[in-house]
Each structure stands twice: as C-alpha cells, then as structure tokens.
Amino acid sequence: MTASMLPFLLYAVVVVGVLVVVMVASWFIGSRATHGGAKDIPYESGVVPVGDAENMRLSIEFYLIAIFFVIFDLETIFIVAWAVAFKEVGLVGYIAASIFIVMLLVALLYEYRTGALEWGTKRRQFKPTSYAVEDAA
C-alpha cells in the first residue's frame with residue numbers, strides 16, 4: 001500500500017461511516033409504519049382506485065397531451081441544435097430551420113382547429129359517410 005492510496009481509503013472509510021450513521025439514525029428517528037386501510041392501496045393523483053385496472057377508462061386527452069409534448073419537445077431539441085451550429089450551417093440552415101418551424105406552426109394550427117388542444121367536451125362532430133347511411137337503412 002502506497003501513500004497515494006491513503007486519501008482514497010480515508011474517503012471510503014468516511015463514506016461507509018456516514019452511511020452507517022444515517023441508517024442507524026433513520027431506524028431510531030423514523031416513524032414506525034403500521035400498514036392497513038388506505039396505506040396498502042396504490043395512490044394515484046388523489047384518486048382512490050375503484051375496480052381493476054382493466055375496467056378503468058382513461059380519457060384520450062392524456063394520450064394526446066403526451067404525444068403533443070413529445071412532438072414539441074423534439075422541436076425544441078432541433079431548434080437548439082440549429083442555434084448552436086448557426087454560423088456553420090449558414091443561409092441554407094436558416095432556410096431549413098424556417099421551413100421546419102413553419103411546418104410545426106401549421107401542425108399546431110391544425111391541432112387547434114380540430115379541437116385537439118381542448119380538454120373536455122370536443123367540438124368534433126360525427127359526420128356519417130354515404131355507406132354508413134345506406135347500412136342504417
């Protein structure tokens with residue numbers, strides 16, 4: 001064992017000592033949990049679960065918001081990458097980034113117009129096709 005290993009060993013001993021002290025202190029200071037009642041059931045967003053997960057119906061808005069987040073999160077990543085390389089990509093990169101931003105704005109406008117960004121009752125109406133009307137007759 002050389003003298004250069006002494007700081008590492010001292011560090012390791014201090015870390016192990018701190019871990020032991022924290023675990024022993026948490027044993028004495030921590031509360032004793034008695035399980036039962038509401039403590040044994042899963043808790044999700046303040047909603048007490050009713051029935052099985054297979055019977056639970058989630059609104060489509062949860063999925064739509066997740067997809068929109070992914071889309072516009074990726075938009076941010078691409079725009080930041082373009083901004084970092086602004087001098088290297090020049091005018092061609094500027095035009096490409098502008099087209100990309102315009103396409104995303106068109107997509108956002110489309111989502112707004114179709115009511116996809118609204119939470120709750122949708123504005124979308126069922127429009128029967130010609131064959132749906134014929135089948136009903």
Side-chain angles (χ1 to χ4, degrees):
M1 185 162 80
T2 64
S4 63
M5 291 292 289
L6 186 62
F8 174 73
L9 290 175
L10 181 63
Y11 175 75
V13 168
V14 169
V15 166
V16 169
V18 168
L19 287 174
V20 168
V21 167
V22 167
M23 292 183 75
V24 169
S26 70
W27 176 262
F28 288 112
I29 296 172
S31 66
R32 304 288 188 258
T34 56
H35 294 288
K39 290 185 179 181
D40 288 336
I41 62 173
Y43 182 79
E44 185 67 34
S45 301
V47 177
V48 178
V50 177
D52 295 333
E54 297 162 355
N55 298 330
M56 187 170 56
R57 303 282 183 209
L58 289 177
S59 176
I60 192 68
E61 281 93 359
F62 292 107
Y63 301 107
L64 286 174
I65 296 299
I67 293 298
F68 298 155
F69 174 77
V70 168
I71 291 170
F72 291 107
D73 189 40
L74 289 175
E75 169 194 3
T76 305
I77 292 170
F78 286 128
I79 291 174
V80 167
W82 166 75
V84 168
F86 178 72
K87 290 184 180 180
E88 289 84 7
V89 295
L91 183 62
V92 175
Y94 178 75
I95 293 170
S98 299
I99 292 171
F100 178 70
I101 291 170
V102 167
M103 288 186 338
L104 286 168
L105 287 174
V106 168
L108 184 63
L109 180 66
Y110 174 77
E111 290 171 357
Y112 176 75
R113 297 278 299 187
T114 61
L117 299 176
E118 293 181 10
W119 195 271
T121 306
K122 295 291 182 192
R123 289 186 301 177
R124 298 181 200 160
Q125 299 291 325
F126 174 71
K127 297 177 184 175
T129 57
S130 60
Y131 61 85
V133 174
E134 292 170 3
D135 290 341

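We're numbering straight along the sequence, starting at 1.
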Under 3.5 Å, sequence neighbours excluded: what are the donor-acceptor pairs made by side chains of residues 5-26?
| residue | atom | partner | partner atom | Å |
| --- | --- | --- | --- | --- |
| Ser26 | OG | Val22 | O | 3.3 |
| Ser26 | OG | Met23 | O | 2.9 |

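- Within 6.0 Å of atom CZ in Phe78, 12 or fewer heavy atoms from other residues, nucleotides or ligands are found, so the atom counts as exposed in its surroundings.
- A side chain to side chain contact (heavy atoms under 4.5 Å, CB included) with Ile77 holds for exactly one of Leu74, Ile79, Val80; it is Leu74.
- Applying the ring-ring contact (aromatic ring centres under 6.0 Å, His included) criterion to Phe68, with sequence neighbours excluded, gives no partner residue.
- Remark: Phe72 engages no residue in a ring-ring contact (aromatic ring centres under 6.0 Å, His included) (not counting sequence neighbours).
- In this structure, the side chains of Leu108 and Glu111 come closer than 4.5 Å at one or more pairs of heavy atoms.
- Applying the side chain to side chain donor-acceptor pair (under 3.5 Å) test to every pair with at least one member in residues 91-106, sequence neighbours left out, gives no pairs at all.
- To the nearest 0.5 Å, atoms CZ (Phe69) and OG1 (Thr76) are separated by 8.5 Å.
- When the side chain to side chain contact (heavy atoms under 4.5 Å, CB included) test is applied to Ala85, the partners found at least two apart in sequence or on another chain are Glu88, Val89.
- Partners of Tyr63 according to the side chain to side chain contact (heavy atoms under 4.5 Å, CB included) rule, which considers only residues two or more places apart in sequence or in another chain, are Leu58, Ile60.
- Residues meeting the side chain to side chain contact (heavy atoms under 4.5 Å, CB included) test with Ile67, sequence neighbours left out: Ile71.
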